[in-house]
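Worksheet for the structure shown next.
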Amino acid sequence: MSPIVPVILAGGTGSRLWPLSRELFPKQFHALLGDESLLQSTLRRAARATDLPPVIVCNEEHRFMVAEQCRAIGSGWQRIILEPEGRNTAPAIALAAREVCRVHGDGIMLVLPSDHLVADVEAFVAAVGCAAAAAADGDLVTFGVQPTAAETGYGYIRADAAGEAAGKAAGKAAGARDGALPVRRFVEKPDAATAARYLAAGDYFWNSGMFVFGAKAYLSELERLQPDIRASVDAAFDAGIPDLDFFRPGPEFLGSPGVSVDYAVMEKTERARVVPVAFGWSDVGSWSAIRDASPLDPAGNHFVGDVLAVDTRDSYVLAQNRLVAAIGLRNLIVVETADAVLVADKDRVQEVKQLVEQLKHGARSEYLNHTEVFRPWGSYEGVDVGARYQVKRIKVKPGEKLSLQMHHHRSEHWIVVKGTAEVTRGEDVFTLTENESTYIPLGVTHRLANPGKLPLELIEVQVGGYLGEDDIVRFEDQYGR
């Protein structure tokens, strides 16, 4: 059988988990259910199913977070492919398929979203083996989760039970192949009454969004069913260039239609099969899903952070920055971050996405960033802002440095509060330690670096007529920005 190559889809914004998930720091990079992020859990789960390193597809803005989180758990990668702009899952998987063919000639792709939860990893590994056996015969396989409730937030897959019976009678030649059932149809998210009928029918499964199929088989079906996607991806891949640890497809990728793999291929192909699974899956797509996956106290609550509660039941409260006190809550979600607080009925958390759209339309920053903004060299956090000034807390990781840059509209004052800073200011290069400071005049070339083995923290005071992040002229940058 061809080698199994993990393909991790690490794009997406996770807007339904706002205010914790933001566009530039989405849910897959957060440790929502344990000590590791959802991306890291996915990488470990994939490593249990195959020894080969993954192909990772992610957004341009997230590339350094992906690489850092891989390194933090000792996970390598075959390639990290950067989408210049999201085009949904069908084109993203096609890029990965081209990469798998480049290295392996062909291979069976284990396609996993980076932001899902699987509780029973042993059952997951067994299901991958079942799906891979069917994929080796040319099938395009997905995992259908045994429904436990009439869930309206998931799409459904209806399996062909008649095909299963025929397969058993004919030695699995015509129907099921080692547990992979023919797919009768894919169904969009239903209303409550329809979901209840699906649950009672017994042959409907939640659509997990995870797939197993041969790279060449997928590309072949894509060319037959969606030739525009195949042509754009091929041109973009052939024109792509390496960049540090990453691979940048050519601009031809932007010409691809934005279509999901379900709609582009799986709903149309005659080779679709589904492996029914019950391995504790969740797409962690809402705050109610986070609560359901968390350990609950006798009153049905889960609290994270500094929370005090009186007469509170069936609720989830997350406090990141301050004490949150709750009295008499019932069936509520409360999420506190440094710049926003969400309070929602647990049964209406799918509507959080509507709030995020309002933030976007209002040109507010809370949908995009946290107060702490992460960069490949570390992070910066807004502390105070006023007329013609702002104060930031800057953290630089050991051995890292910012770009050599200058500003047209602001000067800067730097005060070191922890660690050692190497400062380039014009032609001068010098070192600052704790409680020492320097001044960077407007228009002067400068750079900040951490030459030590401990994190560097400093306070930066910016003064000027314009303080936007786009007032940066870069001369040298080891991160290729």
**Request:** Pick out which of Val128, Ile157, Val274 makes a side-chain contact (heavy atoms from CB on, under 4.5 Å) with Phe143.
**Result:** Val128

**Request:** Considering only NZ, NE, NH1 and NH2 on the basic side and carboxylate oxygens on the acidic side, decide whether Arg248 and Asp243 come within less than 4.0 Å.
**Result:** yes

**Message:** Going by the rule ring pair (Phe, Tyr, Trp, His ring centres under 6.0 Å), which residues pair with Trp287 if we only count those two or more places apart in sequence or in a different chain?
**Reply:** Tyr316

**Item:** Side-chain donor or acceptor of Asp139 paired with backbone N/O of Val141 under 3.5 Å
**Value:** no

**Asked** Could Glu336 and Arg322 be called an ion pair, given the rule that one side-chain N must be under 4.0 Å from one carboxylate O?
**Response** yes

**Asked** Where the side chain of Thr50 meets the backbone of Ile4, is there a donor-acceptor pair that is under 3.5 Å apart?
**Response** yes

**Asked** Between Ser21 (side chain) and Gly14 (backbone), is there a donor-acceptor pair under 3.5 Å?
**Response** yes

**Asked** Is there a donor-acceptor contact under 3.5 Å linking the side chains of Glu400 and Gln478?
**Response** yes

**Asked** Between Ala72 and Gln40, which heavy-atom pair has the shortest distance, and what is it?
**Response** CB-NE2, 3.7 Å

**Item:** Pair Arg185-Tyr204, side chain to side chain donor-acceptor pair (under 3.5 Å): steps then yes or no
**Value:** CA-CA 10 Å; Arg185 66 183 179 123; Tyr204 285 85; 3.0 Å; yes

**Smallest separation among heavy atoms of Pro84 and Phe253, with atom names** = CD-CD2, 3.7 Å

**Request:** State whether Arg102 and Glu99 are salt-bridged, where the test is any N-O pair (Lys NZ or Arg NE/NH1/NH2 against Asp/Glu carboxylate O) under 4.0 Å.
**Result:** yes

**Pair Gln320, His370: side-chain N/O donor-acceptor within cut-off below 3.5 Å** = no

**Any donor-acceptor N/O pair, Trp18 side chain to Glu366 backbone, under 3.5 Å** = yes

**Request:** Inspect the contact between Asp245 and Arg71 and indicate whether a charged nitrogen and a carboxylate oxygen are less than 4.0 angstrom apart.
**Result:** yes

**Item:** Minimum heavy-atom distance Val261-Thr89, with the two atoms named
**Value:** N-OG1, 2.8 Å

**Asked** In terms of ring plane angle, is the pair Phe374 and Phe25 parallel, tilted or perpendicular, where the classes change at 30° and 60°?
**Response** perpendicular

**Request:** Please report the closest heavy-atom contact between Thr42 and Pro113, naming both atoms and the distance.
**Result:** CG2-O, 3.6 Å

**Prompt:** Strictly by modelled atom types, are Arg410 and Tyr389 linked by a side-chain donor-acceptor pair under 3.5 Å?
**Reply:** no

**Request:** Kindly write out the residues that satisfy ring pair (Phe, Tyr, Trp, His ring centres under 6.0 Å) with Trp77, not counting sequence neighbours, or none if the list is empty.
**Result:** none

**Item:** Short N-O contact, Asp234 and Arg98, less than 4.0 angstrom
**Value:** yes

**Flag, side chain of Ser288 to backbone of Ser286, donor-acceptor distance under 3.5 Å** = no

**Asked** With a cut-off of under 6.0 Å to the ring centre and 45° to the axis, is Lys189 in cation-pi contact with Tyr156?
**Response** no

**Message:** Salt bridge check, Glu412 against Lys392: does any charged N sit closer than 4.0 Å to a carboxylate O?
**Reply:** no

**Prompt:** Between Arg87 and Glu85, does at least one N-O distance fall below 4.0 Å, as a salt bridge requires?
**Reply:** yes

**Message:** Distance alone, cut at 3.5 Å: any donor-acceptor contact between the side chains of Glu252 and Ser232?
**Reply:** no

**Message:** Could you check whether Asp339 pairs with Arg22 (Lys NZ or Arg NE/NH1/NH2 to Asp/Glu carboxylate O, under 4.0 Å)?
**Reply:** yes

**Prompt:** Looking at Ser256, Pro257, Pro91, which one forms a side-chain contact (heavy atoms from CB on, under 4.5 Å) with Asp228?
**Reply:** Pro257

**Prompt:** Does any N or O in the side chain of Arg330 come within less than 3.5 Å of the main-chain N or O of Ser315, such that one atom is a donor and the other an acceptor?
**Reply:** no

**Asked** Among side-chain atoms of Glu23 and Thr13, is any donor-acceptor pair under 3.5 angstrom?
**Response** no

**Message:** Within the 3.5 Å criterion, strictly below it, is a donor on Asn331 or Asp347 matched to an acceptor on the partner's side chain?
**Reply:** yes

**Salt bridge Glu221-Arg271, side-chain N to carboxylate O under 4.0 Å** = yes

**Complete:** Given the options Arg393, Arg375, Lys395, Glu381 meets salt bridge (charged side-chain N to carboxylate O under 4.0 Å, His left out) only with Arg393

**Asked** So, Asn450 side chain and Val396 main chain: donor-acceptor pair closer than 3.5 Å or not?
**Response** yes

**Request:** Check whether any side-chain N or O of Asn301 sits under 3.5 Å from a backbone N or O of Asp314 as a donor-acceptor pair, and report yes or no.
**Result:** yes

**Message:** Between Arg63 and Glu60 (side chain of the first, backbone of the second, donor and acceptor by atom type, cut-off under 3.5 Å), is there such a pair?
**Reply:** yes

**Message:** Quick test of your reading of the model: are Asp283 and Lys27 salt-bridged, counting only N-O distances below 4.0 Å?
**Reply:** no

**Message:** Minimum heavy-atom separation for Ser282 and Tyr154, please, with both atom names.
**Reply:** OG-OH, 4.0 Å

**Message:** Per the ring-ring contact (aromatic ring centres under 6.0 Å, His included) rule, what does the pair list look like for residues 34-64, sequence neighbours excluded?
**Reply:** Phe29-His62, Phe64-Phe246, Phe64-Tyr479

**Prompt:** Does any N or O in the side chain of Arg230 come within less than 3.5 Å of the main-chain N or O of Leu219, such that one atom is a donor and the other an acceptor?
**Reply:** yes

**Message:** Any donor-acceptor pair under 3.5 Å linking the side-chain atoms of Asp203 with those of Tyr198?
**Reply:** no

